[in-house]
Amino acid sequence: MNKLWAGRTSGVTDSVADDFNSSIRFDCRLYREDIAGSMAHAAMLGEKGIITDAEADALIDGLQSILNDLDDGTLAFDWKAEDVHMFVEQVLTERLGEVGKKLHTARSRNDQVALDMRLHLRYESDTIANQVKDLIAAIVCVAERNKTAIMPGYTHLQRAQPILFSHHILAYAMMLLRDLGRLEDGRKRIDVSPIGACALAGTTYDTDRQFEARMLGFAAVAQNSIDAVSDRDFCVELLAALSLLMMHLSRLSEELILWTSWEFRFVTLSDAFTTGSSIMPQKKNSDMAELVRGKTGRVYGDLMALLTMLKGLPLAYDKDMQEDKEAVFDAVDTVKMCLSVFAPMLRGMTVHADVMHKAAQTGFINATDLADYLVRKGLPFRSAYKISGKLVSECIQSGCVLETLPLETYRQYSTLIEDDVYAAIDLQHCVESRISEGGTSPTSVDRQIAYIKEQIK
Ligand code: ARG
């Protein structure tokens with residue numbers, strides 16, 4: 001194949017080397033960004049008199065026709081092309097002749113590819129942020145629908161203290177709000193224009209980088225041309241944010257998988273988001289949640305690939321950096337897919353308040369409340385803790401729970417205990433009285449819901 005860069009070398013390359021070198025298989029997804037960047041570049045060249053206005057117009061029209069033809073499928077990608085940038089320029093020159101060859105004045109593929117990635121990720125980051133907002137809204141919807149359901153809260157996966165299910169699920173909304181914040185913060189550093197940095201050193205032409213940045217809607221222009229073409233930290237940041245997001249989704253998935261088991265039976269997922277078994281007729285598997293959990297490792301892998309690819313690179317551009325794309329695209333695709341299935345899966349979920357409540361009645365999850373009761377009667381917490389522990393042990397021996405232990409037995413352990421103990425250890429009361437800021441009380445849950453809604457408005 002005839003190379004646009006034939007010159008120093010014959011440009012005659014081995015076909016195995018061509019295949020190895022080519023990135024069009026995956027960077028073809030950047031064609032819209034590439035063309036938008038080229039249009040801005042052509043407009044700037046015209047504006048600055050580096051090419052004539054007529055030439056600029058011809059380039060812009062030519063680029064527009066390539067865009068239209070790629071969009072509607074009348075132009076197919078040439079899989080033998082080196083990359084999307086070469087492909088567009090090649091087609092442009094085929095269509096326009098000599099003037100097509102002027103587009104690459106005062107430009108390099110190095111600033112071009114950095115530009116394309118920034119434009120692309122600015123868009124994808126916004127898409128994902130909107131999906132995260134939708135997922136948060138779904139969580140709030142589940143919390144509101146099941147606001148008063150009581151469940152056992154766990155530590156070490158052992159029943160610990162009574163909590164509202166709504167409080168538990170809203171913990172994930174808080175995590176996702178931080179994920180959203182990370183996306184929004186990273187976006188600021190994506191939104192910086194590298195175009196005009198050229199190969200690495202800038203250019204001898206009198207260009208206007210601000211003009212190009214404005215046309216492409218960038219908030220700022222990169223201040224060092226070497227930095228502009230050689231770093232991919234904005235990709236790393238995005239993948240780091242996506243990794244954390246996936247970690248949160250994976251933990252929620254794990255809980256859903258547990259909760260949908262017969263051992264818990266706290267929730268049922270709708271048939272639309274579960275699968276059956278090819279051999280066991282009774283099965284209803286939480287495949288979506290399992291896949292989200294599984295795909296989390298994949299996104300971490302993408303982050304690691306990117307970090308490792310970058311760590312030893314001398315400035316400025318190195319071809320290694322072509323490897324950023326598959327990792328970034330894979331992470332973006334994976335996260336978008338996971339989010340698109342997660343929100344409707346949650347919205348269609350049924351919460352079994354009765355089963356949760358029953359689970360909350362065993363496991364002595366009100367033992368802390370019993371200790372707190374004794375503290376209110378005047379005992380220091382450590383002494384109260386000990387008595388409460390002994391009473392739990394007494395219950396286990398006699399096969400009852402704190403709610404059914406007779407008052408006489410209570411009083412054998414402490415004469416401070418009176419008939420009002422039963423009200424103090426009632427689960428509903430336990431939950432309602434956890435009034436500390438951010439606690440599980442219904443007032444706190446209401447406050448959290450209002451806060452979250454405000455944040456995603
Ligand atoms: N396909 C290349 C990439 O993705 C484009 C930049 C090529 N630049 C170069 N000097 N060979 O990184």
Side-chain angles (χ1 to χ4, degrees), residues 1-38 40-41 66 70 77-93 101 103-124 190 193-203 212 222 225-236 238-239 302 305-333:
M1 212 186 134
N2 234 341
K3 296 294 187 305
L4 285 175
W5 43 254
R8 149 78 190 269
T9 73
S10 64
V12 181
T13 46
D14 194 294
S15 66
V16 176
D18 281 345
D19 283 349
F20 186 67
N21 201 34
S22 171
S23 54
I24 192 153
R25 237 175 29 262
F26 43 88
D27 66 19
C28 60
R29 80 160 72 185
L30 296 172
Y31 78 87
R32 288 195 185 88
E33 291 83 352
D34 196 70
I35 292 174
S38 290
H41 185 64
I66 295 174
L70 284 172
F77 287 106
D78 172 7
W79 303 119
K80 292 221 165 337
E82 189 174 318
D83 53 32
V84 67
H85 327 292
M86 290 302 212
F87 169 75
V88 172
E89 196 184 329
Q90 187 100 41
V91 177
L92 190 69
T93 306
K101 297 183 188 168
L103 176 65
H104 214 54
T105 317
R107 186 171 76 161
S108 155
R109 271 186 295 160
N110 297 348
D111 57 346
Q112 200 177 345
V113 72
L115 172 73
D116 292 4
M117 286 298 274
R118 284 176 181 275
L119 287 174
H120 186 67
L121 293 187
R122 189 174 66 182
Y123 174 79
E124 293 292 19
I190 295 175
S193 175
I195 192 73
C198 303
L200 76 161
T203 182
E212 289 174 300
S225 61
I226 297 176
D227 173 45
V229 293
S230 63
D231 209 350
R232 294 290 182 271
D233 57 353
F234 63 99
C235 301
V236 175
L238 177 65
L239 263 54
D302 292 327
L306 199 56
L307 282 168
T308 313
M309 180 274 284
L310 286 167
K311 75 181 263 292
L313 298 187
L315 300 181
Y317 176 85
D318 301 274
K319 190 70 173 218
D320 314 48
M321 290 161 78
Q322 178 164 289
E323 289 289 314
D324 63 353
K325 280 161 214 69
E326 284 163 295
V328 170
F329 297 161
D330 182 67
V332 164
D333 289 346

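Order of listing sets the numbers, starting from 1, for every ligand and every atom in it.
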Name the closest protein heavy atom to [atom], giving the residue it belongs to and the distance to 0.1 Å.
atom: atom 11 (N) of ligand 1; result: Arg109 NH2, 3.6 Å
atom: atom 10 (N) of ligand 1; result: Asn110 OD1, 3.0 Å
atom: atom 1 (N) of ligand 1; result: Gln322 OE1, 2.7 Å

Find all atoms of ligand 1 within a distance of less than 4.0 Å from any non-hydrogen atom belonging to [X], and give their numbers and elements.
X: Asp83; value: 1 (N), 2 (C), 5 (C)
X: His85; value: 5 (C)
X: Ser23; value: 1 (N)

Exercise for the section: Please round to the nearest 0.5 Å and tell me the distance separating atom CD of Glu82 and atom CG of Asp27. Expected result: 9.5 Å

Handout entry: Nearest-0.5 Å distance, CG of residue Leu310 to CG of residue Asp324
Key = 7.5 Å

Handout entry: Ser38 side chain near Glu89 side chain, heavy-atom distance below 4.5 Å
Key = no

Exercise for the section: Answer yes if the side chains of Lys3 and Thr13 hold a donor-acceptor pair under 3.5 Å, and no otherwise. Expected result: yes

Handout entry: Proximity flag Lys325 to ligand 1, non-hydrogen atoms under 4.0 Å
Key = yes

Completion exercise
Judged by heavy atoms only, the candidate from Trp5, Tyr317, Phe26 nearest atom 12 (O) of ligand 1 is Tyr317

